[in-house]
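Lettering follows sequence order; numbering is per chain, from 1. Values in this document were obtained by computation on a predicted structure and should not be read as measured data.
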2 protein chains.
Amino acid sequence: MLRTWLFSKNVRHMVFDAIDRAILKRLQSDGRISNANLAEAVGLSPSACSRRLDILEKSGVIRGYHARLSDKALGYRMTAIVHISLSGQFAKTLTEFEKAVQRCPNVLSCYLMSGEYDYVLRVVVKDLEDYERLHRDWLSALPHVVRINSSFALRDVIDRPNTGLDINLA
Amino acid sequence: MLRTWLFSKNVRHMVFDAIDRAILKRLQSDGRISNANLAEAVGLSPSACSRRLDILEKSGVIRGYHARLSDKALGYRMTAIVHISLSGQFAKTLTEFEKAVQRCPNVLSCYLMSGEYDYVLRVVVKDLEDYERLHRDWLSALPHVVRINSSFALRDVIDRPNTGLDINLA
DNA sequence: CGTGAAAGGGTTCACTC
DNA sequence: GAGTGAACCCTTTCACG
């Protein structure tokens, strides 16, 4: 169990006006929209829109543009949530674990946690057999692991492509 | 606790050749690349590349294109993993819960689970106070909830923008 | 922030192999 | 299935008001 800081960095967040938020929201749902169409959608001229987008991109609010692929269509039909505890919480222990877990492509997300377990992982696998392999060859082999608790997703209820912005606009 | 089917749908997955995978991989990391540049990157003529992309998009492998925003920059600096159990597992109970949870913009993902809890949610909030509000006004108010267990992410170790494809290519 | 025009690219055909 | 070439459309990006 960990008892550390709750905030890793002081990422200052900018203040966005209604148009900025409209731009972000639009790019969230359509990452490939052209600047001209985006401008029209938010009621701006193309040049003004382009200038704003530049600023937004440089500010770091936009972490990137990505095609979202379907795990299922790629053959990865199971999602597992894996809770893991380590034998200690020394910085070195955490770092070694984290470096190792980065190398496993099945792991889509990994959080260092407060609470009962040290890490929560979200992993995708093709099927139960694939999961067995992953558990044997990867999860159990990660350094310093003393406890693993896996459960499986039966269904995706919510899987939002993106983060928090809707909250501002709700 | 639930004991249901493990696979919701038979999503047949297509077979992709090396060029398809290169296209998908490229769009995964750069969702805004133009068809012309994409074609060059994968060693195809623009027209051939455009044809393939059409097929890929229609096949459903590509679920969409999105700008990935920074929660942190938007002021959402905490991530919580919330485990929830309901009072029963009748279809109606699940449906009512799921309809309600959809309406909460803080919930970025939600899985129906096998195992000890019925659902796992990943939610973002601004701070502890915001979490308290969420817990009081949203989580506790969701229908049929009998047990809630929250833990907090101290740090993102892995947060891949996308899914499974790297596994094929590793 | 908007306008307008110039310049450069991008997309998409029909056609060919 | 893939490449070529050309037409057309669209986009971006200035300088300026």
Does a salt bridge link Glu40(A) with Arg26(A), judged by any charged N lying under 4.0 Å from a carboxylate O? no
Is the cationic atom of Arg147(A) (NZ for Lys, CZ for Arg) positioned less than 6.0 Å from the six-membered ring centroid of Tyr117(A) and within 45 degrees of its normal? yes
Strictly under 4.0 angstrom, non-hydrogen atoms only: write out the protein contact profile of nucleotides 10-17 of chain C, one letter per nucleotide from the 5' end, B, S or -. SSBB----
Any salt bridge between Glu57(B) and Arg52(B), counting N to O under 4.0 Å? no
Round to the nearest Å and state the distance from Arg52(B) atom CZ to dA2(D) atom P. 4 Å
Across all chains, not counting sequence neighbours, the side-chain hydrogen bond (donor to acceptor under 3.5 Å, both in side chains) partners of Ser45(B) are Ser47(B)
Given atom CG of Leu53(A) and atom C1' of dC1(C), what is their separation to the nearest angstrom? 16 Å
First locate atom OH of Tyr111(A), then atom CZ of Arg122(B), and finally report the distance between them rounded to the nearest 0.5 Å. 4.0 Å
Assign the ring pair Tyr131(B) / Phe152(B) to parallel, tilted or perpendicular, where the plane angle (0 to 90°) is split at 30° and 60°. perpendicular
How close or far is atom C1' of dT12(D) from atom CD of Glu40(A), stated in whole angstroms? 16 Å
Could you state the CG-P distance from Asp54(A) to dC1(C), rounded to the nearest angstrom? 13 Å
